[in-house]
Number of protein chains: 2
Amino acid sequence: MSNDPLVIFTPSGKRGRFPLGTPILTAARQLGVDLDSVCGGRGICSKCQITPSFGEFPKHGVTVSDTAVSPINAVEERYDRIRGLKPGRRLGCQATVQGDLVIDVPPESQVHKQVVRKAATARAIVMDPATHLYLVEVAEPDMHEPTGDFERLRAALAEQWGIDGLTADLPLLARLQPALRKGNWQVTLAVHRDHTGGAPRLIDLWPGFYEGGLYGLAIDLGSTTIAAHLCDLTTGEVRTSSGIMNPQIRFGEDLMSRVSYAMMNPGGDAEMTAAVRTALNDLAAAIADEANLDPRAIVELTLVCNPVMHHLALGIDPVELGQAPFALATSGSLSLAAADLDLSAINAQARAYILPCIAGHVGADAAAVALSEEPYKSDDLMLVVDVGTNAEILLGNKDRVLACSSPTGPAFEGAQISSGQRAAPGAIERVEIDPVSKEPRFKVIGSDLWSDEPGFDLHTATTGITGICGSGIIEAVAEMRMAGLVDASGLIGSAEQTGTPRCRPEGRTHAYLIHDGSSDGGPVITVTQGDIRAIQLAKSALYAGARLLMDELGVDTVDRIVLAGAFGAHISPKHAMVLGMIPDAPLNRVTSAGNAAGTGARIALCNVAARAEIEQVVRRIHKVETAIEPRFQEHFVAANALPHATDPFPELSKIAPLPQVSFNTGGGDGAGGRRRRRPR
Amino acid sequence: MSNDPLVIFTPSGKRGRFPLGTPILTAARQLGVDLDSVCGGRGICSKCQITPSFGEFPKHGVTVSDTAVSPINAVEERYDRIRGLKPGRRLGCQATVQGDLVIDVPPESQVHKQVVRKAATARAIVMDPATHLYLVEVAEPDMHEPTGDFERLRAALAEQWGIDGLTADLPLLARLQPALRKGNWQVTLAVHRDHTGGAPRLIDLWPGFYEGGLYGLAIDLGSTTIAAHLCDLTTGEVRTSSGIMNPQIRFGEDLMSRVSYAMMNPGGDAEMTAAVRTALNDLAAAIADEANLDPRAIVELTLVCNPVMHHLALGIDPVELGQAPFALATSGSLSLAAADLDLSAINAQARAYILPCIAGHVGADAAAVALSEEPYKSDDLMLVVDVGTNAEILLGNKDRVLACSSPTGPAFEGAQISSGQRAAPGAIERVEIDPVSKEPRFKVIGSDLWSDEPGFDLHTATTGITGICGSGIIEAVAEMRMAGLVDASGLIGSAEQTGTPRCRPEGRTHAYLIHDGSSDGGPVITVTQGDIRAIQLAKSALYAGARLLMDELGVDTVDRIVLAGAFGAHISPKHAMVLGMIPDAPLNRVTSAGNAAGTGARIALCNVAARAEIEQVVRRIHKVETAIEPRFQEHFVAANALPHATDPFPELSKIAPLPQVSFNTGGGDGAGGRRRRRPR
């Protein structure tokens, strides 16, 4: 043995001696080197490409000669001719050991590729999805030793891939015999193995070698909007993302009104279940269509949502979630057939994984945010706020994590806002207001230009300017406050009070005009007094939830804040703090994580170990119930005003000391309007 | 410890010392005594009834005083008042140890009761079905330690019954919360655990204590008829049995014509699948109705069938079974949701277990016959013949078992017989013909009387006399042969030739009149020349199959023959031997087992260990393929004649030396008719 050539793999550094003629792929497997293969070494799939290095390697103590690897063979020549091999690349299953070797495994040949996430604080996702492809060669039937085709398929998978005990549902058994014969006893299997050690499950099969790839959907099912990312299960790449409104809005805009609908209307829960499942199907079909993908290639999905949506999607009456003690029917993760959720638009055997819930008001979406932002691994004390119709709030570090949810209402998602819309092309997502001229400029989704930059009209010609989304309304209200158009109580001033005709009367209050598209038949987009009130309610609820957790932990400040939101541009930390959505913190310690719940869903989709991890983590998270906590109400009431965004934030360089505006419109407008103050 | 009272259980003899005050049920459990309980010791279910014995027990070395068991308590008093306790009986969960005790566990209090089978060669079935009932008491939700109701239910089942890791499908999760609250946090669970160590599965749940019992269906799905037994899963009792025709007959009477139908008609296999599943549903609904049972109480079924029916029931195109190498899509056992077979007439979560197939022509029905008759445990060389449209034949002993199937056609099931019908009330199932007067007498299903006995007309007034079933036609043809009405070639003689006007011309041949009901508007029941030919073909196929296995084993005789058949009275060994259906054997070594395939299905239904057993056994059975074996054709042709049932069988005392009849009708009737022989 010690005379056998030495083979060293980079970057892993794994090494071993192998007899002359050993295929590189075989050597890699025996050493546990992470080298991909779908066809199992048949020279078909080309996943096992490697690059032999030649010359002196003092670091490794070897010299590699040109003849240390077998010459390019017919299989490789053919592959290179038809598909092209990069210079220096070889097929690991064809090239054999002929002397001491140093073999580099390029990143795209690794099974457990790392996918870098885009967000600033991103950790990499290690690819290890539940479903993989395997090419197997099945023994032909023998009349004298009769066994079923499926039993021989199962034996082949065990022998060729070490995967024992495959199971298959009847529709796949029904397709097995023609596929085996058409593929001349070779079939590619999509096999699902979960993290609980359950039996491997056949998801699909194709005659011969299947090259179409496997995909999964990471779905964030919110009260107001449903977002889905279509991910390539091999590369982790997000092929396309899409979203639609949750059709349950017609049964009630917030969660509790949907629970009430279920309580008041016999069969109401089933009606809502049907509505959301139809929407999920439509979304899945649309996203496959958009990606120009055979829906059959979508073999998995992960789903995150709040507890009420969780129950309604699962077909469980959410009535218990509407009253103390807010008992969930089930809190654990669920591994289901997607068909159990009536999802017929994707592969008929696709699997669905639903993340665990934390408590009756803190759902799988909060668990997904935790998985994405990992407060439970942090040295800093982190506050993670997921802004939605129901806000999920996590506070903690590696020692302890607390969680609660807060009923913010749909304003942050652009609903219940006069010009609000979901984050889609045409929606205003960024707003700036000049503190002197009081003139706005803005960006819309679909264009990189600000509205006052040349070419903006051309950029937005196809999408139009259609409304304002969640991140847009947050910025608009904060900018209005900073520009002195709104006082601390939230009241919008008149044109006379503010000095700009954009503050126009609307009923007994005023509204600020952001964009008038009426000359082109487009909408007039304003921020109304009602919009400001909706944002005030929402942000107070959010702030009160965060404060409650801080009280529980006995802290007055946090080290780091992460703002997450399902839709649109990332929420601007500066504007969030101007609004008073979140507690004070140094601005450079506040980051925006985009759709963290969706990211958590993506992580669970791409890596089965993450499923086990979050199942462990949720058991350790301590839940605080806002609904029965008197201090929550106190914090809520106290947080109603729009704070003066001045000194604490020197980073907000643009913000001049704010005019201490306070308006009296004479018109009744709730508490703010009742207090008679003298205008400046 | 050694001062603690001694408690001895009978009949097991298990003994141990327990502290004063220990409930008898607790003592039994700790000793592993087989004492039933559904409610887990709450004094609700009454399953744990025991009888304390008092006095001197020299054999056990103890004296039991009257005060060695606690006095009857309030729970027992109440139970006795409402339901009645047999004298001497106590509830094992209420009565406690107060001194040395001898406790008898009556058979009905044992979980693993033995159910004696009726057949002569019967072994007992030990009750151990996959699905049991458990009453659990679930912890109420706690807002401060939020967990799902299902998670608390699972924990309760683990803690109170030692059953870990319960799983439940969504429809049950949807029913959990109302059931728990209605039952005041007590629910009865039906939990299914299979023999493969898979996770326990929730099948159904009821608020509080459920007393309705659990039932299962053992289904024998034949080519021509479908039979089902409804079994009580606690006692093993067969509540009712029922059968219907297989509606696939309209696609082809024998299996190969159904395979041809699938080959010739796109979607033909799906059409046949739908037909048989509808029939299974109808049968299940009818049987529940007949037993006056809530179909929801039917929580399991076992299914046995030949390979073509197996594939068609599973929704798999059987085309590969129509051509060598006769590859099964799957040969292993299957454990499915009954809903996967579209069975909606029983519990929505019911499970189906399908026995393994032995080979492409030897199905799960043959496996069931093996399980019932156990040739693989026999010292004798056994020949087991299951008579149906396709006959399954097993030959062997504990050293080796061979199997084959033989395409007998549907004649033995009463199909393709002019007056044939399935075995149902009104069908003639026994026939005798007086060798002197040539007059017949018969029995019909539904009456114990022979047709010439007083009261017969009254007995059959409601059912009528409607036709002749499989066992009836076998006896009729054999009796006609013994009475000299049919010659060795199978030709029916004329009235002149036979001396009875019952032999009437019919076309160019003759028919024998068994019953003329036309005066009452009933049918005229005859055995025609065509019927005889159909029986000859069928019996030749059967005989040829048995001979082929004997050749393979190198034997000329067997020690024991078991005749099994799905329907009607047991097949008469005597008549089977007169017909030449089976090889020669001493008549007292030939037994009739009734529906052995159905019995095998019942055994697998009532005892999960039997499922593991048969899965092991089928792997050891050696399969012989009749379709490609030239000797099968030779044996088949050689076996066409009706042998002279004389000397070899002295037990057939009734049979006088037969007249060596041979008829020439002048009419062409195949080979027999063509040979011109002189009538006596």
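A, B, ... follow the sequence lines: proteins, then strands. Residue 1 opens every chain. All values reported here derive from a predicted model rather than from experimental measurement.
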- prompt: For B:Ala329 and A:Glu151, which heavy atoms make the closest approach, and how far apart are they?
  reply: O-OE1, 4.3 Å
query: Would you say B:Ser331's side chain and A:Thr147's backbone share a donor-acceptor pair under 3.5 angstrom?
result: no
field: chain B interface, residue from A:Arg181, A:Glu145, A:His622 that has the most non-hydrogen pairs under 4.5 Å
entry: A:Arg181
query: Is the backbone of B:Glu320 close enough, under 3.5 Å, to the side chain of A:Gln177 for a donor and an acceptor to pair up by distance?
result: no
- prompt: Between B:Leu336 and chain A, which part of the residue has a heavy atom less than 4.5 Å away: side chain, backbone, both or neither?
  reply: side chain
query: Tell me, do A:Leu173 and B:Leu334 make a side-chain contact under 4.5 Å, heavy atoms counted?
result: yes
message: Can you give me the closest heavy-atom contact between A:Lys623 and B:Pro146, atom names plus distance?
response: CD-CG, 3.4 Å
- request: Side chain from CB out, backbone as N, CA, C, O: work out which of these in B:Leu176 comes under 4.5 Å of a heavy atom of chain A, or both, or neither.
  value: side chain
- request: Answer whether the closest heavy-atom distance between the side chains of B:Ile628 and A:His144 falls below 4.5 Å.
  value: yes
Which atoms of B:Asp340 approach chain A - backbone, side chain, both or neither, heavy atom under 4.5 Å: both
- line: Given A:Ala327, A:Pro141, A:Pro356, the one with more heavy-atom pairs under 4.5 angstrom with chain B than any other is A:Ala327
Best-contacting candidate, B:Asp149, B:Leu153, B:Leu180, against chain A by heavy atom pairs under 4.5 angstrom: B:Asp149
query: Near B:Arg175 CZ, under 6.0 Å, is it more than 12 heavy atoms from other residues, nucleotides or ligands?
result: yes
- prompt: Is the shortest heavy-atom distance from the side chain of B:Leu341 to the side chain of A:Leu170 under 4.5 Å?
  reply: yes
